[in-house]
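This report refers to the structure that appears directly beneath it.
When reading the values below, keep in mind they use all heavy atoms of this one structure, side chains included, and skip hydrogens, waters and symmetry mates.
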Amino acid sequence: QLRLVESGGGLAQPGESLTLSCTESTFRLENYAIGWFRQAPGKERKERMGLLCISTGGGTTNFEDSVKGRFTVSRDSANNTVYLHLNNLQSEDTALYYCAAQPAARGSSWCPRQYFEFDYWGQGTQVTVSE
């Protein structure tokens, strides 16, 4: 059973940056497409917003226009970690951020686009953007 752990959340001021990490202690994340989602305050699980995904082949897909040019995703295979880099944070970025994983063939360009296509989820890490 994959157990994803997110970390790196916290309090940031508008314009600042944070880097979130998604790790797994047993299974190699390079065998999974990894998506990043966020759930804004008051929203339900089914309303989680897909942000970005990185395929097993290393390609990235951006699902949300509001984060284009500000958020990026990357893999660190040596540390079995996938990062979400949050730059120029705004108050509307305040949310609980989740990483999710779905098995995929090595070298694939495929990334699931919907939250229900991911089988494995972490517990989330809170990002709060405020003056």
Treating [X] as the side-chain partner and [Y] as the backbone partner, does any N or O pair qualify as donor plus acceptor under 3.5 Å?
{"X": "Asn62", "Y": "Glu64", "answer": "yes"}
{"X": "Thr61", "Y": "Cys111", "answer": "no"}
{"X": "Thr94", "Y": "Thr128", "answer": "no"}
{"X": "Thr56", "Y": "Ala105", "answer": "yes"}
{"X": "Asn80", "Y": "Phe27", "answer": "yes"}

For a quick test of reading the model, state the closest non-hydrogen atom pair linking [X] to [Y] and the distance between them.
{"X": "Phe63", "Y": "Gly50", "answer": "CB-O, 3.4 Å"}
{"X": "Glu6", "Y": "Gly122", "answer": "OE2-CA, 3.2 Å"}
{"X": "Cys53", "Y": "Val73", "answer": "O-CG1, 4.1 Å"}
{"X": "Thr19", "Y": "His85", "answer": "OG1-ND1, 3.4 Å"}
{"X": "Leu2", "Y": "Ala101", "answer": "CD2-CB, 3.5 Å"}
{"X": "Pro112", "Y": "Gln102", "answer": "CG-CB, 4.0 Å"}

Transitively linked via ILVMFWY side-chain contacts under 4.5 Å: [X] with [Y]?
{"X": "Tyr98", "Y": "Ile34", "result": "no"}
{"X": "Tyr115", "Y": "Leu84", "result": "no"}
{"X": "Phe71", "Y": "Val129", "result": "yes"}

Would you call [X] and [Y] a side-chain contact if the rule is heavy atoms closer than 4.5 Å?
{"X": "Tyr83", "Y": "Leu20", "answer": "no"}
{"X": "Glu47", "Y": "Gln39", "answer": "no"}
{"X": "Asn31", "Y": "Arg106", "answer": "yes"}

Quiz item: Knowing that exactly one of Leu29, Thr72, Val82 qualifies, which makes a side-chain contact (heavy atoms from CB on, under 4.5 Å) with Ile54?
Solution: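 Single side-chain contact (heavy atoms from CB on, under 4.5 Å) partner of Ile54 among Leu29, Thr72, Val82: Val82.
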
Find the distance between [atom1] ([X]) and [atom2] ([Y]) and round it off to the nearest 0.5 Å.
{"X": "Leu86", "Y": "Leu18", "atom1": "CG", "atom2": "CG", "value": "6.0 Å"}
{"X": "Leu89", "Y": "Leu11", "atom1": "CG", "atom2": "CG", "value": "10.5 Å"}
{"X": "Gln126", "Y": "Tyr97", "atom1": "CD", "atom2": "OH", "value": "9.0 Å"}
{"X": "Trp110", "Y": "Ser55", "atom1": "CH2", "atom2": "OG", "value": "10.5 Å"}
{"X": "Phe116", "Y": "Lys46", "atom1": "CZ", "atom2": "NZ", "value": "12.5 Å"}
{"X": "Arg38", "Y": "Arg48", "atom1": "CZ", "atom2": "CZ", "value": "13.5 Å"}

Quiz item: Of all residues at least two apart in sequence or in a different chain, which pass the side chain to side chain donor-acceptor pair (under 3.5 Å) check with Asn88?
Solution: Gln90

Quiz item: Can you list the residues that meet the side chain to side chain donor-acceptor pair (under 3.5 Å) rule with Arg70, with sequence neighbours excluded?
Solution: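 Once residues adjacent in sequence are excluded, the partners of Arg70 under the side chain to side chain donor-acceptor pair (under 3.5 Å) criterion are Asp93.
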
Quiz prompt | Glu24/Arg3 salt bridge by N-O under 4.0 Å criterion | solution =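 Salt bridge between Arg3 and Glu24, a charged N being under 4.0 Å from a carboxylate O: no.
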
Practice problem: Scan side-chain atoms only and decide if Asn87 and Ser17 contain a donor-acceptor pair under the 3.5 Å cut-off. | Solution: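 The criterion, which ignores hydrogens and geometry beyond distance, is satisfied for Ser17 and Asn87.
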
Exercise. With sequence neighbours excluded, tell me which residues meet ring-ring contact (aromatic ring centres under 6.0 Å, His included) with Phe37.
Key: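 ring-ring contact (aromatic ring centres under 6.0 Å, His included) check on Phe37 returns Phe118, Trp121.
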
